[in-house]
Amino acid sequence: MSTGTITTQKVNFKVFRFNADEDYLPYYEDYSMDVTSEEVVLDILNRIKWDHDGSFSYRRSCRHGICGACAIKVNGRSTLACKESMTTMIEYFGNDLTIEPLSTKRAVKDMIIDKGDFWEKHESVTPYLVTDIDEAPTCENLVLPHDAEKLNEADLCIQCGACHYACPAVEVNEDFFGPAAFAAAYRFESDVRDSDTDRLKAINEERQGVWDCVKCYECAEACPKDINPIEKITKLHQMTFTAGIAKSNVATRHAVGFLHSIKKHGLLDEGGLVLYSEGLGVVKHIPVALKMFKKGKIIMPWNMPKSDNLDEIQKLIKSSSTAKF
Ligand code: SF4
Ligand code: SF4
Ligand code: FES
């Protein structure tokens with residue numbers, strides 16, 4: 001049906017329900033509604049509560065995409081309910097939509113989850129400015145526009161948790177700080193006024209730190225504020241190298257091996273890179289390496305060619321590298 005430019009269509013919702021105080025297992029409730037093109041996902045949550053079941057529970061506060069309370073999943077996609085239009089959801093997924101909390105295993109009541117792990121990890125990266133404050137300043141503490149731009153990239157985070165609960169590394173490794181905590185760490189590490197010395201060390205530790213990110217980009221996909229946490233993680237990698245504190249692990253050796261290969265050949269030596277990164281652990285890659293060799297993807301060290309522009313590449317590396325290995 002169409003009213004002017006406003007369109008209406010029937011949508012079938014399958015909604016996750018669970019009350020930790022009463023239910024042994026979660027279940028799904030079906031609701032069918034006429035949805036207008038003016039509505040956002042939060043309107044649907046409101047209508048479920050107001051028109052169908054007053055016990056249905058979810059978080060929301062600002063309705064303007066700034067408090068981060070209303071993040072849920074629609075058909076498995078992280079969604080800020082007050083920002084995402086129903087028209088977009090229907091375009092993406094059709095007229096059968098499943099509404100779930102960000103993490104079903106952390107559900108407390110319907111869409112409400114226990115975000116305790118999220119906040120603990122947030123706290124672990126010292127998410128505030130550490131600096132000696134002059135209590136009676138005579139002038140403003142100026143930050144140059146160029147420096148402000150760096151931290152602004154991560155300053156818009158609303159702590160919604162969408163990236164954190166979309167991250168597969170968080171799911172399998174309870175120590176891993178997660179993308180939102182790393183974005184917060186980057187926010188303050190890139191602030192020229194900050195003098196903290198522990199934050200970078202914390203994010204450089206094994207299991208909890210940036211080296212355990214598997215670079216799947218789920219966090220970038222999930223973020224409703226375009227923070228792009230994986231990009232911040234990559235910048236934190238670089239910061240640990242620049243500070244000379246990057247620990248030796250497969251990921252850092254991979255970065256160092258990459259540089260060595262480019263310095264030596266001006267080209268990437270795939271086989272040498274795996275050997276450099278994995279050390280003795282390379283044995284487990286032998287079956288794959290043999291297949292790659294047969295297809296000409298791996299070149300033996302003695303046959304490794306050199307780039308025609310090797311001199312220029314070596315000069316570029318020398319002039320641009322800030323890392324201390
Ligand atoms: S890119 Fe890294 S931090 Fe982001 S979701 Fe994947 S594993 Fe998690
Ligand atoms: S980085 Fe984006 S998705 Fe993650 S908590 Fe912040 S705003 Fe939410
Ligand atoms: S209600 Fe605040 S971000 Fe949605």
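Keep in mind that what you see is a predicted model, and the values were worked out from it rather than measured. Just follow the structure's listing: the first ligand is 1, and inside any ligand the first atom is 1.
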Interatomic spacing from OG in Ser190 to NZ in Lys150 - rounded to 0.5 Å: 7.5 Å
Suppose we only count N/O/S atoms under 2.8 Å; would Cys167 qualify as near atom 2 (Fe) of ligand 1? no
So, Arg17 and Glu29, do they make that salt bridge, N to O below 4.0 Å? yes
Among protein heavy atoms, which lies nearest atom 3 (S) of ligand 1, and at what distance? Ile233 CD1, 3.5 Å
Hey, what do you get for OG1 (Thr79) to CD (Glu84), rounding to the nearest 0.5 Å? 5.5 Å
What atoms of ligand 1 come within less than 4.0 Å of a heavy atom belonging to Cys213? 1 (S), 2 (Fe), 3 (S), 7 (S)
In this structure, atom 3 (S) of ligand 3 is nearest to the protein heavy atom Gly68 N, 3.3 Å
Tally every protein N/O/S atom whose distance to atom 2 (Fe) of ligand 2 is less than 2.8 Å; waters are neither shown nor counted. 1
Where does the angle between the aromatic ring planes of Phe56 and Tyr58 fall among parallel (under 30°), tilted (30 to 60°) and perpendicular (over 60°)? tilted
Starting from atom 1 (S) of ligand 3, what is the nearest protein heavy atom, named by residue and atom, and what distance separates them? Arg63 N, 3.2 Å
Under 4.0 Å, heavy-atom basis, I'd like to know which part of Phe182 is in contact with ligand 1: side chain, backbone, both or neither. neither
Which one holds for His164 and ligand 2: side chain close, backbone close, both close, or neither close, with close meaning a heavy atom under 4.0 Å? neither
